[in-house]
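Since this is a predicted model, take the numbers as computed values, not measurements.
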Amino acid sequence: MQRVGTKRPARVLVRFLDAELEGREEWVPPGRLQVRWDQVDGWLFDQQRWDAVCAAGTAALDTVELGAADWVLEMLLPKDCLDVMDTSRHGVLRVTDPAAFAAAIGIDPVELAVAPGYIMDSGTVIVPWPGLLTAAQKLAERHADRLLDDLHRKDEQAELEAVRGRFYPGRDGGQYISAAACADANATVFKPRNDMIRQWCGAAPRECFDELVALRAEVLRLGDLVAEAVTELRRAGKVRQANDLERRLGVPVEQLTRARRRAQG
């Protein structure tokens, strides 16, 4: 930079050092400059180590692993403790609040910032892809019950959308996504991602959750049988017996019917 202009809008005079430009000078807005020339060495150092971290995550871009890790981190970590855009774009975990991160996951992010990761002067921790993947897997193990329940509900929703499609409301009238498109997106993107997250949750939590799902289904099935019996008793004029059976069931028949409808979408 040669000098600072005195007129508005603000401008600075810069000289290009590239030999092809033959010492060309030009007035440019100050915002065009990354840093002042006397700070360029530090800026280049920071840029080089950032490039190295991004390079470590290149192979992970557009993979099922990165999609699963990105979803888990965004789902379970406090919103203000990391930059989620760096995760999806570069396969890099930028931890802006190490204390909140450590409390949520049980691991100090500094332990994950192995080379080429680093710690910035501000305290922000830059974690490369291997550490990012470890963080997501640890989170999945730590919050397996919550994740498995959420994934189960997403699977049920995906089954409905594969038949009905999905409508996104909007001011311009909204957009309808066809059932075929929904089924394709689930098969190629969401199901592989969700299956991987389930693997991260661990075998024991998966087994317990599968048993819980089966138990819920059995409760609904038995409830349907009792509701049908109550209805038939009332049709037969045996109101007292019907009311007694419903009382022993502990849940009004109408409530069971609503629960079944919700379960079926």
Side-chain angles (χ1 to χ4, degrees), residues 31 34-35 39 42-155 157 168 185-186 188-202 205-206 209:
Q34 296 286 355
V35 292
Q39 300 171 330
W43 181 84
L44 286 174
F45 173 77
D46 289 340
Q47 190 63 41
Q48 288 167 358
R49 62 180 182 173
W50 171 251
D51 289 344
V53 173
C54 290
T58 299
L61 299 182
D62 300 320
T63 62
V64 175
E65 288 87 352
L66 180 56
D70 184 37
W71 189 84
V72 169
L73 294 171
E74 189 169 1
M75 176 82 173
L76 298 176
L77 286 179
K79 302 301 181 184
D80 57 352
C81 84
L82 77 160
D83 187 333
V84 295
M85 297 303 295
D86 285 335
T87 301
S88 58
R89 290 177 177 175
H90 307 295
V92 175
L93 182 61
R94 183 190 293 266
V95 183
T96 54
D97 189 339
F101 179 92
I105 194 174
I107 301 177
D108 188 333
V110 174
E111 298 178 17
L112 301 174
V114 296
Y118 57 93
I119 304 172
M120 300 176 64
D121 293 340
S122 63
T124 293
V125 181
I126 306 299
V127 179
W129 165 243
L132 187 160
L133 181 60
T134 297
Q137 292 171 337
K138 292 295 184 182
L139 267 175
E141 291 177 6
R142 193 179 180 110
H143 301 278
D145 292 342
R146 175 183 172 183
L147 287 176
L148 290 169
D149 187 61
D150 190 80
L151 292 172
H152 179 69
R153 286 186 279 108
K154 287 186 179 298
D155 285 347
Q157 183 66 28
Y168 293 90
N186 184 59
T188 58
V189 178
F190 302 121
K191 187 178 186 304
R193 180 199 68 185
N194 295 347
D195 287 346
M196 176 157 290
I197 295 172
R198 286 190 178 90
Q199 292 299 316
W200 293 351
C201 288
R206 289 199 309 274
F209 184 79

With side chains defined as the heavy atoms from C-beta onward, is the minimum distance between [X] and [Y] less than 4.5 Å?
| X | Y | result |
| --- | --- | --- |
| Q199 | D195 | no |
| L73 | L139 | yes |
| P130 | V114 | no |
| L76 | L147 | yes |
| W71 | M75 | yes |

Notebook entry, point to check: Are the side chain of K79 and the backbone of E74 linked by a donor-acceptor contact shorter than 3.5 Å?
Noted result: yes

Checklist line | Those residues that, when tested against T124, pass side-chain contact (heavy atoms from CB on, under 4.5 Å) (two or more places apart) | finding: R94, T96, M120, S122, I126

Using every non-hydrogen atom in the two residues, find where [X] and [Y] come nearest and quote the distance to one decimal.
| X | Y | answer |
| --- | --- | --- |
| C201 | P205 | O-CG, 3.3 Å |
| G123 | P98 | O-CG, 3.5 Å |
| P192 | V64 | O-CG1, 3.6 Å |
| G91 | L61 | N-CD2, 3.9 Å |
| A135 | L112 | CB-CD1, 3.9 Å |
| P116 | A52 | CG-O, 3.7 Å |

So how far is it from [X] [atom1] to [Y] [atom2], rounded to the nearest 0.5 Å?
| X | Y | atom1 | atom2 | result |
| --- | --- | --- | --- | --- |
| D155 | N186 | CG | CG | 7.0 Å |
| I105 | Q137 | CD1 | CD | 10.0 Å |
| K138 | I107 | NZ | CD1 | 5.5 Å |

Next item on the list: Hey, could you give me each pair passing ring-ring contact (aromatic ring centres under 6.0 Å, His included) that has a residue in residues 93-152? Not counting sequence neighbours.
Entry: H152-F209

Item checked: salt bridge (charged side-chain N to carboxylate O under 4.0 Å, His left out) against R146, all qualifying residues, sequence neighbours excluded -> none

Check: Applying salt bridge (charged side-chain N to carboxylate O under 4.0 Å, His left out), which residue pairs with at least one partner in residues 49-65 are found, sequence neighbours left out?
Finding: D46-R49

Item checked: Residues which pass side-chain hydrogen bond (donor to acceptor under 3.5 Å, both in side chains) with D145, listed by chain and number, not counting sequence neighbours -> none

Next item on the list: Check side-chain hydrogen bond (donor to acceptor under 3.5 Å, both in side chains) between K154 and all other residues, then give those that pass, not counting sequence neighbours.
Entry: none

Check: Just one of V53, D70, D83, T87 clears the side-chain contact (heavy atoms from CB on, under 4.5 Å) bar with L93, so which one?
Finding: T87

Note to self: Within the supplied structure, the quantity of interest is the number of heavy atoms (other residues, nucleotides, ligands) at a distance under 6.0 Å from R206 CZ; does it exceed 12?
What the structure shows: yes

